[in-house]
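Please read the structure below before turning to the comments.
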Amino acid sequence: MNDVVKKRIGIIGLDHWYIGREAPAIASRRSDAEVVTVAHRDAANRQTLATQGNIPHQTDDYLSVATDPDVDVVVTACTTAENVEICLAAVEHGKHLVLVKPCAMTVADAERLASAVTRAGVMAVPYESHTRFQPHGRSISRWIQEGLIGTPLSATMISRYSIHGAQLDWPGQPNPNAWWMDPARVPGGGWMDHSIYLIDWLRWTLQDEVVAITGMSRTLVHKDLDPQKEDFGVALIEFSRGAVATVEVTWSSPRGNGLTS
């Protein structure tokens, strides 16, 4: 019986700590993957994850992980502002990617990254697509594709979460100036934070692309937000085959409470 060849994973950044903490937990349940290194600027949190995840190597040098010949898959949990250049270095060295959301500060940079991935022939899985792998997301998609519930003409999706999760540097480490609060490190605010999951799932489930979008965003509750941020947004989205979706997302729920429907 042949031994399983494990994919060696390197984690870059722990700003989006949801991703960073999840990677070693998932790898530990698989026989074909292992986390071999983690990079983060905060030594204490980096050490915590390395200890909890039994990760043998750690560093504060992000590019060293992106170019490490002993890493097969790079998981970026850094800020959006750092992501593109790190990913470009990784794909130039043949690494597959699981990348932070949103992946870029601008559409032009996102397209530049997508083109580089295509040229390199590597796999890139953006974090917003994780609903495609969840049991509920896969089941509903299958029902639609098999015609069990007919052809969707419209969809309404609502996601309401607390702002407090976006104001953590790490579990138990609140920071009102965390990266999601800083327009220099990530574009958009509460609407983008979770609508990115819903729109990706709609595109995948409907097997269709967006051709028109309109809507509005506002700061309704958290008046101290940076003017470039929002805590409420709603969009009307039209797909090429005629389906229409309404997507409403907020950061207005009380701490510890949330809703996705």
Side-chain angles (χ1 to χ4, degrees), residues 1-105 109 112-114 116-117 119-130 133 165-166 168-175 178-180 182 185-186:
M1 184 174 180
N2 294 330
D3 292 334
V4 174
V5 177
K6 292 186 176 184
K7 292 294 185 183
R8 300 162 297 180
I9 300 169
I11 302 170
I12 301 180
L14 295 173
D15 300 276
H16 199 305
W17 51 268
Y18 301 90
I19 303 174
R21 285 160 52 96
E22 189 173 11
I26 292 173
S28 70
R29 300 193 294 268
R30 300 182 62 95
S31 62
D32 59 352
E34 60 180 339
V35 178
V36 296
T37 186
V38 56
H40 191 45
R41 61 178 62 82
D42 186 304
N45 291 342
R46 184 180 73 227
Q47 179 63 58
T48 296
L49 187 68
T51 300
Q52 292 174 344
N54 195 29
I55 303 170
H57 302 291
Q58 55 174 296
T59 179
D60 61 1
D61 185 346
Y62 290 13
L63 286 178
S64 72
V65 177
T67 59
D68 188 341
D70 293 323
V71 168
D72 305 304
V73 180
V74 163
V75 175
T76 62
C78 55
T79 69
T80 295
E82 298 169 299
N83 186 61
V84 171
E85 296 307 321
I86 290 169
C87 288
L88 289 174
V91 300
E92 287 173 2
H93 286 77
K95 317 298 184 190
H96 301 292
L97 299 174
V98 177
L99 53 153
V100 73
K101 59 87 183 176
C103 71
M105 296 292 291
D109 269 351
R112 183 162 64 100
L113 176 55
V117 167
R119 287 195 305 272
V122 297
M123 181 179 295
V125 180
Y127 190 68
E128 66 264 24
S129 67
H130 80 90
F133 304 100
L168 292 175
D169 284 334
W170 192 256
Q173 296 179 13
N175 177 7
W179 74 288
W180 258 105
D182 183 357
R185 291 187 283 176
V186 62

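Only heavy atoms go into these numbers, but all of them, side chains included; no hydrogens, no water, no symmetry mates. Counting begins at 1 with the first residue of the sequence.
A salt bridge between D60 and R46 is absent, with no side-chain N of the basic residue lying under 4.0 Å from a carboxylate O of the acidic one.
Residue N54 qualifies as open at atom CG: its count of foreign heavy atoms under 6.0 Å is 12 or below.
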Result block: side-chain N/O donor-acceptor pairs under 3.5 angstrom for residues 86-96, not counting sequence neighbours:
| residue | atom | partner | partner atom | Å |
| --- | --- | --- | --- | --- |
| H93 | ND1 | A89 | O | 2.9 |
| K95 | NZ | D68 | O | 2.3 |
| K95 | NZ | V71 | O | 2.7 |
| H96 | ND1 | M123 | N | 2.9 |

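Side-chain contact annotation: T76 with N83, donor-acceptor N/O pair under 3.5 Å present.
Atom SG of C78 and atom NE2 of H40 lie 10.5 Å apart (nearest 0.5 Å). Atoms CZ and CD1, from R30 and I9 in turn, are 8.5 Å apart once rounded to the nearest 0.5 Å. With rounding to the nearest 0.5 angstrom, the OG1 atom of T37 is 8.0 Å from the CD1 atom of I55. Rounding to the nearest 0.5 Å gives a distance of 4.0 Å between CG of D169 and CG of N175. Between L97 atom CG and Y127 atom OH the span is 16.0 Å, to the nearest 0.5 Å.
Taking all atoms of both residues into account, the shortest heavy-atom contact from V84 to A104 is CG2-CB, 3.6 Å. Across all non-hydrogen atoms, the minimal contact from A77 to I19 is CB-CB, 4.0 Å. The two atoms that bring Q58 and A43 nearest to each other are OE1-O, 4.5 Å, heavy atoms only. Scanning all heavy atoms of the two residues, the minimum distance from G53 to P24 falls at CA-CB, 4.2 Å. Pairing each heavy atom of W17 with each of P171, the nearest pair is CZ3-CG, 3.4 Å. Scanning both residues, A166 and W180, for their nearest heavy atoms gives O-CB, 3.7 Å.
Taking 4.5 Å as the limit, some side-chain heavy atom of F133 sits within range of a side-chain heavy atom of V125. Using a 4.5 Å heavy-atom cutoff, the side chains of L99 and L113 are in contact.
Judged as a side-chain contact (heavy atoms from CB on, under 4.5 Å), and not counting sequence neighbours, the contacts of T48 are Q52, W170. Under the salt bridge (Lys or Arg N to Asp or Glu O under 4.0 Å) criterion, E22 pairs with no residue, sequence neighbours left out. Under the side-chain contact (heavy atoms from CB on, under 4.5 Å) criterion, P56 pairs with no residue at all, not counting sequence neighbours. Here K7 pairs with D72, V73 under the side-chain contact (heavy atoms from CB on, under 4.5 Å) rule; sequence neighbours left out.
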task: Step by step, work out the side-chain contact (heavy atoms from CB on, under 4.5 Å) result for L49 and L14.
output: CA-CA 9 Å; L49 187 68; L14 295 173; 3.6 Å; yes
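W179 places a side-chain N or O within 3.5 Å of a backbone atom of D15 that can act as its donor or acceptor partner. Checking side-chain atoms of H16 against main-chain N and O of V100 turns up no donor-acceptor pair under 3.5 Å.
The salt bridge (charged side-chain N to carboxylate O under 4.0 Å, His left out) contacts involving residues 76-88 comprise R41-E82, E85-R112, where partners must be two or more places apart or lie in separate chains.
Between V65 and the choices V38, V75, I12, the side chain to side chain contact (heavy atoms under 4.5 Å, CB included) rule is met once, by I12.
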